[in-house]
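Structure first, then comments.
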Number of protein chains: 2
Amino acid sequence: MSLELTAVQTVACCSPLAREPLSLPEAEGIAPLLKALADPVRLRLMSLVASHEGGEACVCDLNDAFELSQPTISHHLKILHGAGLLDREKRGVWVYYRARTEALQNLATLIGGQAT
Amino acid sequence: MSLELTAVQTVACCSPLAREPLSLPEAEGIAPLLKALADPVRLRLMSLVASHEGGEACVCDLNDAFELSQPTISHHLKILHGAGLLDREKRGVWVYYRARTEALQNLATLIGGQAT
DNA sequence: CGTATATATTTACATTCATCTATGTCATAG
DNA sequence: CTATGACATAGATGAATGTAAATATATACG
């Protein structure tokens, strides 16, 4: 097991933006998470998965929601998964993605948390 | 006055990610806001301004917190201001930036809001 | 086995981005 | 009016990123 913190672990460690200045390592840990979200396709993927019944969706469902090639969707899913925003589970032929809601909540607290 | 919505206005209009799928126009409106935040320097700038006494800081304060050239800081501030995350006010020789907390709160609600 | 389907990876290319240096603008001081 | 300090803009460059096309892997089924 790695000693490195994942982006998701990093974001859980910090006070809200408005409370105290972020250190450089903190900022460098959090930016990749926001970067992963900062794309229209990936935002829609996240909301599709998070709002899908059961909190999960298979790639086959997701592909149909876009006019993009399957490899492109797969690429975006990999980025979201790599950032720790989506969990992956293979069941038979299909792969299901599930939103990591605690990661989203931590991020929301960081961005919008009160100063005091 | 333009009929276009700013990114900040756009983000205030949407349900949380986990409640219902984002439309393409919504996602395209929100992504630029996240993109503006998705950089270590800009994250630190936002937190420096937001947590600074009085909720504002002048560029002279901000420059000193980084080992980057003044034009580079100015560039990042322009991006944050363009996204609607920072307000700008010139007073005499100095320029003060102020965090738009309601924009941050709306963004936080969008990302972390409960499904129901 | 062999074929079909679902998903991932690789490669290639065009675009975007962060940063720098140099220069411009504006306000104030002398 | 000229000099100085604070900040912005312009232009250039190298790195990172998005997308598509082709290919690979893995499972199911006959």
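Below, read A as the first sequence line, B as the second, and so on, with proteins coming before strands; counting in each chain starts at 1.
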- Task: Any chance you could measure A:D87, atom CG, to A:L80, atom CG, to the nearest 0.5 Å?
- Result: 12.0 Å

- In whole angstrom, give the distance that lies between atom CG of A:D64 and atom C1' of C:dT5. 14 Å

- Give the rounded distance in Å between these two atoms: CG of A:L37 and P of D:dG18. 12 Å

- Let me know the distance between CD of B:E89 and P of D:dC7, rounded to the nearest Å. 13 Å

- Same cluster or not: are A:L62 and A:M46 linked, directly or through other Ile, Leu, Val, Met, Phe, Trp or Tyr residues, by side-chain heavy atoms under 4.5 angstrom apart? yes

- Query: So what does A:Y96 touch, heavy atoms closer than 4.0 Å: a base, only the sugar-phosphate, or nothing?
  - Reply: nothing

- Message: Distance check needed: C:dT7 P versus A:L62 CG, whole Å only.
- Response: 9 Å

- Between D:dA8 and B:K78, is there an OP1 or OP2 to side-chain N/O distance shorter than 4.0 Å? no

- Query: Please give, in whole Å, the distance from D:dG5 C1' to B:N63 CG?
  - Reply: 13 Å

- Taking CZ from B:R91 and P from C:dT28, how many angstroms apart are they, rounded to a whole number? 13 Å

- Message: Checking the side chain of A:S51 only, and the main-chain atoms of A:S47 only, is there a donor and an acceptor separated by less than 3.5 Å?
- Response: yes

- Note on the structure: Shortest non-hydrogen pair, A:L45 vs A:F66, comes out as CD2-CE1, 3.6 Å

- Message: Considering every strand and a 4.0 Å limit on heavy-atom distances, what is the contact class for A:Y97: base, sugar-phosphate, or nothing?
- Response: sugar-phosphate

- Query: Quick one: B:L77 CG to C:dC17 P, roughly how many Å, whole number?
  - Reply: 17 Å

- Task: Going 5' to 3' through nucleotides 18-27 of chain C, assign each nucleotide B (protein heavy atom under 4.0 Å from a base atom), S (under 4.0 Å only from sugar-phosphate atoms) or - (no protein heavy atom that close).
- Result: SBBBB----S

- Message: Main chain of B:E28, side chain of A:R44: is a donor-acceptor contact present, judged purely on distance under 3.5 Å?
- Response: no

- Message: With a 3.5 Å distance limit and no angle check, can you tell me whether A:R42 reaches the backbone of A:K35 through a side-chain donor-acceptor pair?
- Response: yes

- Message: Any side-chain N or O of B:R88 below 4.0 angstrom from OP1/OP2 of D:dA8?
- Response: yes

- Task: Would you mind reading off the distance between B:L45 atom CG and D:dC7 atom C1', rounded to a whole angstrom?
- Result: 14 Å

- Message: On a heavy-atom basis, which atom in B:L17 and which in A:A50 lie closest, and how many Å separate them?
- Response: O-CB, 4.1 Å

